[in-house]
Peer 1: 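The structure follows.
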Amino acid sequence: MVPSRPSSKLYQIKSKKYDEYGARVTSSFDKSVSHVLIDPEWDGSRTLKYLHISAGDIRPEIDKGTIHFVRDSWPSACIENKQLIPESPDYTVQLYSPAPSPETTPEPEVSQKLVQTVISPEKPPKLKKRDISTSSNTSLSPEPDTPKQTAIDDLNPVEASGANTSIENKAEKKAQDGSGNDELDSVIQEAELQEHAARFLSDDEIEHALQTQRKKYSAPYSRPKRTSDGRVLKGNWDTFLCMKAGEDNIAKPDGPNALVINILSLMLHHYEAEGDQWRTLAYRKAIATLKKQTVPVRTAAQAVKLPGIGSRLADKIEEINKTGDLKRLKYTQGEGKFEVLELLKRIYGVGNKTANKWYSEGIRTLDDVRERKDLTANQQTSLDHYEDFAERIPRDNVTKHFERVRDAVHEIDPEIEATAMGSYRRLQPDCGDIDIILTKRNASRHDLTVTLAKLLDVLFEQGFAKYTFGGIEANSMRWLGASAHPDDGNKWRRMDILLVPWEERGAAFIYYTGNDIFNRSMRLLAQKKGYRLNEKGLFLAPHDRKSAGAVGPLVCGEDEEKIFETLGVPNRPPHKRIIG
DNA sequence: GGGCGGTACTG
DNA sequence: CAGTAC
DNA sequence: GCCC
C-alpha cells in the first residue's frame, strides 16, 4: 500500500480484510508484489518516487502484467462486484505521463489461488479470489461463513430484540424490590453514550464502564431488550488493561466485530469533528451494541435487529463485512482534521462551527489563529492565555482561589455561603476550572447580584480577577471569568461564580457538582419517573408535552438529599458521581 | 416528523 | 438570529 | 444517525 502506514488504523483494518480474501499485504516492495494499492491523493510519479524506483526499472514488469498499480479502492470494488475488475482509468494509476498503453490489458488469467469465499449464503460461491501478492503461502481458505451465518439467529445475539419482549411486569417487579442504585446506574449507562466528553476516553474505557455497570445491576427502567445479558461481557476487561498499558496503540479491540467497529469508529470520529451531534450519538450507541455481541454480525438483516442499529447503519455494516471498506469513508476522511478542530475548540468562544470554518480557511495551528483579524475579545484573551487555560489546576491551588473569593465575599456579607463546586467538590486531585456557588438564606436575586458586583470590584481591584468572559451584565446571576493567584504562580485560571437562590441550592448543587454524565443520568431518570430536573429544581413533568413553561409545579429544589430521595435513589457523595 | 437538556450570554 | 458555554 |  502506498503510502505504507502500518501503524494506522485503516491500514490494519484493510490488511486484515485483504488477508481474509487470500491476499497478503507487505510493506516491502519486491518481486513478490503483484499489486500496488495507491492512495487517491497520490499520482504515478509521486508513487515512483516513494518506492525509490526509476521508471525503467519496473517498466518491463508492468508491461508483462505482473505488477499492477491500482487505486486502493480497487480491492473493495472487486469484492463488491464479485469479480476482478480489469484495468480501467477508474482504478489504474498511470505511472508515465502519456499513457502508451497497449490498450486493454486484460486481467491475466493467471488465476491461481482460487480462494473460496462466500458473499451471500444463498448463492453458490461465485467470486474467485486470487491473492494480490504472488507469494505462494496464501492459500488459506477461510471457511465459508454460511454455517455461522445461519447459526447467529439461533444463538440469539445479545439484545437481538424479537425474542424477549414482554418484560414490563418483570421490570416492574424489579423496580419494587429494587435495591439501591439500580435505576440510577441503568440510566447512567445510557447517558454515558451520549456524553460528548466521552470521546476523550478510549473505546475500551467506555466499554469497561458499561461492563461494570451491567454486571452489578439490573436495569429495570431500560427497555426490555436491554436486560438480557450477563453472559456477554466478561473477560474483555483484561484485554482492556493490556490495551491501556500499551503505548501508542489506538484501541484495537479484538472480537467478532472488530472490523466493523473500527470502521464505524472512523465515521463517528468524522461526524464528531463535524459537530453533528445526533449522528455522533447514534454511532456511539450502535458501536456500543456491536461491542457486546459475542458472534459476528454479518448481514444487514441481522444488524437491524439490534438496538441502536437502524436500516442505514445495518447496510453499512453489511457493506463493511463484504468489502472490508466503506465507500462513504473516502469522502469523509481528512488527515489530522480532528486534532486541529480539537485544538481550536479549546479557545473560548470557538465551537464546531467556527473551528470548521477556520479549518476550511486553512487554519491549522494556534499561530495561524493569532494572525486572524476577526477574533472576538473572548477568543483573543483565551488565545493569549491558551497554555494557562489548558493546564489542569492542582487541587490545593483551587483551594487558594476559592479562599480568596470566599474571604472577599465575607467582607461584604458574612452571611453568604460560598462553596467550591465541580471537580473540586468531587474531591478530584486536579480541576479544569474553578466553580464557586454563592447563596444566602432569605436573599433575593437582586441582593445576590448586588453582592456579586461588589465582590468583583474588590477582586479586580486586588488584581486577582483578570478578565470577564461573560455574565457581568446588569443583574446577571453568574460571572464567567479568569483569576490569577500568586500562590498558583499567577497563572490564569478559568473561574465561574454562580449566584443561587436559597430555594434552588439543592438542584444547583447537583447540577454544578456533576459530572456531566452523572447529570445526564439524573435528568434521564427524572424523566422516566415523570419529573423534570434542571439546575433550578425538580419539577413535575407537564402533562401537555410542549407547553410554554415546559415544566410543571416545583417538587423540590432546596435540598440535594431530598431530590435524590424523591427520585428513589440513594444520595451519592460527590466523589461517587464520577461516571465514565 | 420530532426528540435526543434547558438556559443565558455574545456579537 | 446563530453560535457558544454552562 | 436512531427511536417512538
Side-chain angles (χ1 to χ4, degrees), chain A residues 161 187 190-191 193-197 222-223 225-226 264 267-268 270-272 274-289 303-317 328 332 344-358 374-382 389 421-422 432-437 468-481 494-500 504 507-508 511-517 519-527 531-537 539 541 545-546 548-551:
Chain A
S161 55
V187 286
E190 183 125 0
L193 298 174
Q194 305 181 13
E195 174 46 42
H196 299 223
S222 53
R223 294 198 309 281
K225 293 186 202 174
R226 297 189 167 247
L264 290 185
M267 293 292 291
L268 165 66
H270 163 74
Y271 285 123
E272 209 165 44
E274 293 240 310
D276 190 333
Q277 184 182 174
W278 307 125
R279 268 190 187 78
T280 302
L281 174 58
Y283 272 84
R284 238 180 239 303
K285 286 188 172 174
I287 289 171
T289 295
V304 281
K305 293 180 184 172
L306 304 176
I309 298 179
S311 60
R312 319 243 299 151
L313 270 168
D315 287 344
K316 287 186 174 64
I317 290 170
R328 185 87 179 79
T332 59
L344 300 181
K345 284 193 287 189
R346 299 198 63 162
I347 300 170
Y348 190 103
V350 177
N352 268 312
K353 294 291 184 184
T354 308
N356 272 286
K357 176 168 174 286
W358 287 358
D374 60 349
L375 301 182
T376 67
N378 284 348
Q379 288 166 349
Q380 186 63 57
T381 301
S382 166
F389 289 141
M421 307 301 295
D433 63 2
I434 302 149
D435 297 313
I436 298 173
I437 278 187
T468 297
F469 285 102
I472 193 127
E473 287 295 309
N475 34 27
S476 170
M477 290 292 283
R478 66 184 186 181
W479 177 73
L480 312 178
R494 280 283 293 108
M495 174 181 284
D496 298 340
I497 299 180
L498 301 316
L499 304 182
V500 173
E504 298 176 6
Y511 180 81
Y512 289 108
T513 298
N515 64 8
D516 292 346
I517 306 178
N519 285 347
R520 280 177 186 261
S521 323
M522 290 289 286
R523 286 199 300 265
L524 202 54
L525 179 62
Q527 261 195 30
Y531 298 97
R532 288 214 175 175
L533 179 66
N534 58 30
E535 68 271 42
K536 296 183 187 337
F539 302 85
R545 293 257 308 156
K546 203 38 168 126
V551 287

Peer 1: Which is true for Ser311(A) with a 4.0 Å heavy-atom rule: it touches a base, it touches only sugar-phosphate, or it touches nothing?
Peer 2: sugar-phosphate
Peer 1: Consider the side chain of Arg494(A), meaning its heavy atoms from C-beta on, and name the nucleotide among dC6(C), dG6(B), dG1(D) that approaches it most closely.
Peer 2: dC6(C)
Peer 1: Whole-Å distance between dC9(B) P and Arg478(A) CZ?
Peer 2: 6 Å
Peer 1: Find the distance Asp496(A):CG to dA8(B):P and express it as a whole number of Å.
Peer 2: 16 Å
Peer 1: My understanding is that only residues two or more places apart in sequence, or in another chain, count here; which of them pass ring-ring contact (aromatic ring centres under 6.0 Å, His included) with Tyr511(A)?
Peer 2: none
Peer 1: Any sub-3.5 Å donor-acceptor pair from Arg523(A)'s side-chain atoms to Arg532(A)'s backbone N or O?
Peer 2: no
Peer 1: So which nucleotide from dC9(B), dC6(C), dC2(D) ends up closest to the side chain of Leu480(A)?
Peer 2: dC6(C)
Peer 1: Could you pick out which residue, Thr376(A) or Lys536(A), lies toward the 5' side of DNA chain B when each is mapped onto its nearest nucleotide?
Peer 2: Lys536(A)
Peer 1: Mind checking side-chain contact (heavy atoms from CB on, under 4.5 Å) for Glu274(A) and listing every partner two or more places apart, or none if nothing turns up?
Peer 2: His270(A), Lys337(A)
Peer 1: Scan Asn519(A) against the nucleic acid and name what it touches under 4.0 Å (heavy atoms): base, sugar-phosphate only, or nothing.
Peer 2: nothing
Peer 1: Provide the closest heavy-atom pair for Ile347(A) versus Ser382(A) in the form atom of the first, atom of the second, distance.
Peer 2: CA-OG, 3.5 Å
Peer 1: Closest approach to the side chain of Lys353(A), judged atom by atom: which nucleotide of dC6(C), dT4(C), dA8(B) is it?
Peer 2: dT4(C)
Peer 1: Does a nitrogen or oxygen in the side chain of Ser476(A) sit under 4.0 Å from OP1 or OP2 of dA8(B)?
Peer 2: no
Peer 1: Rounding to the closest angstrom, what is the interatomic distance between dG5(B) and dA5(C) at atom C1'?
Peer 2: 14 Å
Peer 1: Round to a whole Å and report the spacing from CG of Leu533(A) to C1' of dG5(B).
Peer 2: 10 Å
Peer 1: Where the side chain of Thr354(A) is defined as all heavy atoms beyond and including C-beta, which of dC2(D), dC6(C), dG3(C) is the nearest nucleotide?
Peer 2: dG3(C)
Peer 1: How close do Ala314(A) and Ile309(A) get, heavy atom to heavy atom, and via which atoms?
Peer 2: N-CG2, 3.8 Å
Peer 1: Report the nucleotide, chosen from dT4(C), dG6(B), dG1(D), that has the shortest atom-to-atom distance to any side-chain atom of Leu313(A).
Peer 2: dG1(D)
Peer 1: Under 4.0 Å, heavy atoms only, any strand: does Arg523(A) hit a base, just the sugar-phosphate, or nothing?
Peer 2: base
Peer 1: From OH of Tyr512(A) over to C1' of dT7(B), roughly how many Å is that when rounded to an integer?
Peer 2: 9 Å
Peer 1: By the 4.0 Å heavy-atom rule, please label Tyr511(A) as base, sugar-phosphate, or nothing.
Peer 2: base
Peer 1: Could you tell me the separation between the NZ atom of Lys285(A) and the P atom of dC4(D), rounded to a whole number of Å?
Peer 2: 9 Å
Peer 1: Would you classify Ile309(A) as touching base, sugar-phosphate or nothing, given that sugar-phosphate means primed atoms plus P, OP1 and OP2, and contacts are heavy atoms under 4.0 Å?
Peer 2: sugar-phosphate
Peer 1: Which one, dG5(B), dG11(B), dC6(C), comes nearest to the side chain of Gln527(A)?
Peer 2: dG5(B)
Peer 1: Using a heavy-atom cut-off of under 4.0 Å over every strand shown, decide if Lys357(A) touches base, sugar-phosphate, or nothing.
Peer 2: nothing
Peer 1: According to a cutoff of under 5.5 Å between the ring centres and under 30° between the ring planes, does Trp278(A) stack with the base of dC2(D)?
Peer 2: no
Peer 1: May I ask you to verify if any side-chain N or O of Lys316(A) is less than 4.0 angstrom from the OP1 or OP2 atom of dG1(D)?
Peer 2: yes
Peer 1: Just how far, in rounded Å, is P of dG2(B) from CG of Leu281(A)?
Peer 2: 18 Å
Peer 1: Under 4.0 Å, heavy atoms only, any strand: does Leu264(A) hit a base, just the sugar-phosphate, or nothing?
Peer 2: nothing
Peer 1: In a check of side chain to side chain contact (heavy atoms under 4.5 Å, CB included) between Met495(A) and each of Asp435(A), Ile436(A), Asp433(A), which one passes?
Peer 2: Ile436(A)
Peer 1: Tell me if a side-chain donor or acceptor on Gln379(A) pairs with a main-chain N or O of Gly349(A) at a distance below 3.5 Å.
Peer 2: yes
Peer 1: Rounded to whole Å, how long is the line connecting atom CD1 of Ile287(A) with atom P of dC2(D)?
Peer 2: 12 Å
Peer 1: In whole Å, what is the span from the CG atom of Asp516(A) to the P atom of dG6(B)?
Peer 2: 16 Å
Peer 1: Under 4.0 angstrom, heavy atoms only, what part of the nucleic acid is Asn352(A) near: base, sugar-phosphate, or nothing?
Peer 2: sugar-phosphate
